> 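Here it is, the structure in full.
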Amino acid sequence: MKHLVILGGGFAGLWAAMSAAGARADNNDVKVDITLISNDAHLVIRPRLYEGAGEDKRVPLKPLLDKIGVRFIQATIGSIDPGDKQVFLSDYTIGKMSYDAVILATGSHLKRLNIPGVEQYGFSADTYEDTERLDHQLNRIVTAQEEAAKTLVVIGAGFTGLELATELRSRLKKLSDKKFRIILVDKEEIAGAELGVNPKPYIDEALRLHDIELRLGTSIKELTENNAVLANDEVIATQTVVFANGMEANKLASSFGDPDAEAQGRLAVAQDLSISGYDNAYGAGDVVWAYTEPQPSSDKSNQTASLTENLTYDSDRPRTLFSCQHAIQLGRFAGYNAIRKLSGQPGKDYEQAFYATCLDLGDWGALFTTGWDRTADKTGVAGKEMKKMINTQWIYPPSPELSLEEIHAFVAFEVEDTAA
């Protein structure tokens, strides 16, 4: 019996498990045990943590994995030896686990800033536990009397920072009649610079509506219990500084080679999501990057040339971002390809031509865009309805109460698409 091990229980890892189980079920001759390892017993719906913590932001992994015949182990992955095909677990009774194939899906985390006070006094909505701590702080400051409690600072005016800042205004209005200042800080000269020019008018309008102050072209250099000191030496009296300053890949990416510094520490993978230099190793989700479309001219008969071509960064070709829409599809392809490879069958090149964003902007509504130029498709109330649909339905896994056939169909490829 061969063994596929999936490392990580986020969107990529769970969708890889479902896809692998479905591919295994489609071929009675395939004899593969599948194990998923995660240090969290839940799939945390991270794209919703800007809203605050709550049990609707966590989905238990084991019931669904049990239903599809995937073993679940809750443990911390200490290290990986891809040469010997072993995973070492730091807090599990079985200290190591061998595999025949592996999918690296260990995700990403908020980039840690090396500034005084950030660990002690900073907040974030990066993990469920971080979000609970931020929720507690919001409940505290609405009754606090100190002047510094009346100001909140969000570090980072990218996608997450914009959602946090505008949602904080909406949440505080529900908690208290007090007037709070919210200040958004970013080293770029434009709020939402990473999103390009098309979303800018809508973002600017939403920030004005929410009375959010901007400190652009600067960054934070020191944090104390009652002050945030910016790089331009401005001192802001505050007790709540929320960091949304960008993501970086899990450090386990370096187990398989040199991560790409230009891609926030992610590991480049080939178009079939295989990791170059290692047999039966695949990557998915935030810990890796891939082009969202194969080269139209690539010659699939020359696989070595194709792999080399797709591991070379080309700024003119869109590649995956830190997002659940990419993580879900990357996991789906990786799980399928890992099982196909173990059974000696051809896999599929990953592709995901459609790209959209849906940016929640609090009481203003939301901005739904399509295409890499992020052209506005739905705004305001219509955008908010789309965001609600995405956040509460589309990004959730299927219920374990569904039949096995329905769960397999949830991740299955079209029959005509299963050939290489």
Side-chain angles (χ1 to χ4, degrees), residues 10-12 14-15 43-59 125-126 131 154 156-171 173-174 184 190-210 212 244 247 285-286 292-293 318-332 351-399 409-411:
F11 288 100
L14 182 56
W15 261 257
L43 167 69
V44 176
I45 310 299
R46 287 176 77 193
R48 293 190 64 190
L49 291 182
Y50 71 95
E51 302 172 3
E55 286 307 306
D56 58 338
K57 315 298 193 309
R58 298 197 296 182
V59 179
D126 186 40
T131 306
V154 177
F159 195 98
T160 302
L162 290 167
E163 291 198 322
L164 271 170
T166 52
E167 185 67 15
L168 282 173
R169 176 65 76 201
S170 302
R171 293 175 66 186
K173 284 168 60 178
K174 295 174 183 176
L184 191 56
I190 298 172
E194 66 182 32
L195 300 174
V197 297
N198 287 331
K200 185 179 185 303
Y202 308 99
I203 292 170
D204 291 346
E205 182 181 321
L207 294 176
R208 286 193 298 270
L209 174 70
H210 291 87
I212 293 172
M247 309 299 292
D286 286 356
T292 57
E293 295 181 72
R319 61 176 172 176
T320 55
L321 304 175
F322 289 112
S323 69
C324 69
Q325 71 173 303
H326 286 141
I328 285 170
Q329 281 293 83
L330 287 165
R332 183 169 167 249
E351 58 182 329
Q352 192 170 353
F354 179 75
Y355 172 68
T357 63
C358 198
L359 177 67
D360 198 338
L361 293 169
D363 291 342
W364 179 88
L367 172 64
F368 178 72
T369 72
T370 56
W372 288 95
D373 60 353
R374 300 183 178 92
T375 300
D377 185 271
K378 298 183 190 317
T379 63
V381 174
K384 198 78 164 185
E385 287 300 312
M386 177 65 79
K387 184 70 170 182
K388 182 178 179 181
M389 183 75 71
I390 293 168
N391 271 7
T392 62
Q393 297 185 40
W394 293 356
I395 63 176
Y396 277 72
S399 167
F410 188 84
V411 293

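Numbering of residues begins at 1 and proceeds along the displayed sequence. These numbers were taken from a predicted model, which means no experiment stands behind them. Just so you know, these numbers use all the heavy atoms, side chains as well, and skip hydrogens, waters and symmetry mates.
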> Among Val44, Leu43, Leu49, find the one that has a side-chain contact (heavy atoms from CB on, under 4.5 Å) with Lys57.
Leu49
> Looking only at atom types and distance, does a side-chain atom of Glu293 sit under 3.5 Å from a main-chain N or O of Ala353, one as donor and one as acceptor?
no
> Kindly write out the residues that satisfy salt bridge (Lys or Arg N to Asp or Glu O under 4.0 Å) with Lys378, not counting sequence neighbours, or none if the list is empty.
none
> Quick one: are Leu359 and Pro199 in side-chain contact, heavy atoms under 4.5 Å?
no
> Do side-chain atoms of Lys200 reach the backbone of Ala191 as a donor and acceptor pair under 3.5 angstrom?
no
> Which of these, Asp286, Ile328, Leu330, sits in a side-chain contact (heavy atoms from CB on, under 4.5 Å) with Phe11?
Ile328
> Restricting to non-hydrogen atoms, name the atom on Ser170 and the atom on Asp363 that form the minimum distance, rounded to 0.1 Å.
OG-OD1, 3.0 Å
> Would you check if Gln325 and Tyr355 make a side-chain contact, meaning some heavy-atom pair closer than 4.5 Å?
yes
> Using the ring pair (Phe, Tyr, Trp, His ring centres under 6.0 Å) criterion, which residues pair with Phe322? Sequence neighbours excluded.
none
> So which atom in Thr131 and which in Gly52 form the shortest heavy-atom distance, rounded to 0.1 Å?
CG2-C, 3.5 Å
> For a 4.5 angstrom cut-off between non-hydrogen side-chain atoms, does Trp364 reach Thr166?
no
> Are Leu361 and Leu209 side-chain neighbours, meaning at least one heavy-atom pair lies under 4.5 Å?
no
> How far apart are the closest heavy atoms of Lys387 and Cys358, and which atoms are they?
NZ-O, 2.6 Å
> Under 30°, 30 to 60°, or over 60°: which ring-plane class applies to Phe410 and Trp15, parallel, tilted or perpendicular?
tilted
> Can you tell if the side chain of Arg171 reaches within under 4.5 Å of the side chain of Lys174, non-hydrogen atoms only?
no
> With no hydrogens and no angle check, is any side-chain donor or acceptor of Arg332 less than 3.5 Å from a backbone partner on Val411?
yes
> Under the 3.5 angstrom rule, does the side chain of Asn391 hit a backbone N or O of Arg48 as a donor-acceptor pair?
no
> For residues Asn198 and Thr369, determine if any side-chain heavy atom of one lies less than 4.5 Å from a side-chain heavy atom of the other.
no
> Are Met386 and Ile390 packed together at the side-chain level, in the sense that at least one heavy-atom pair is separated by less than 4.5 angstrom?
yes
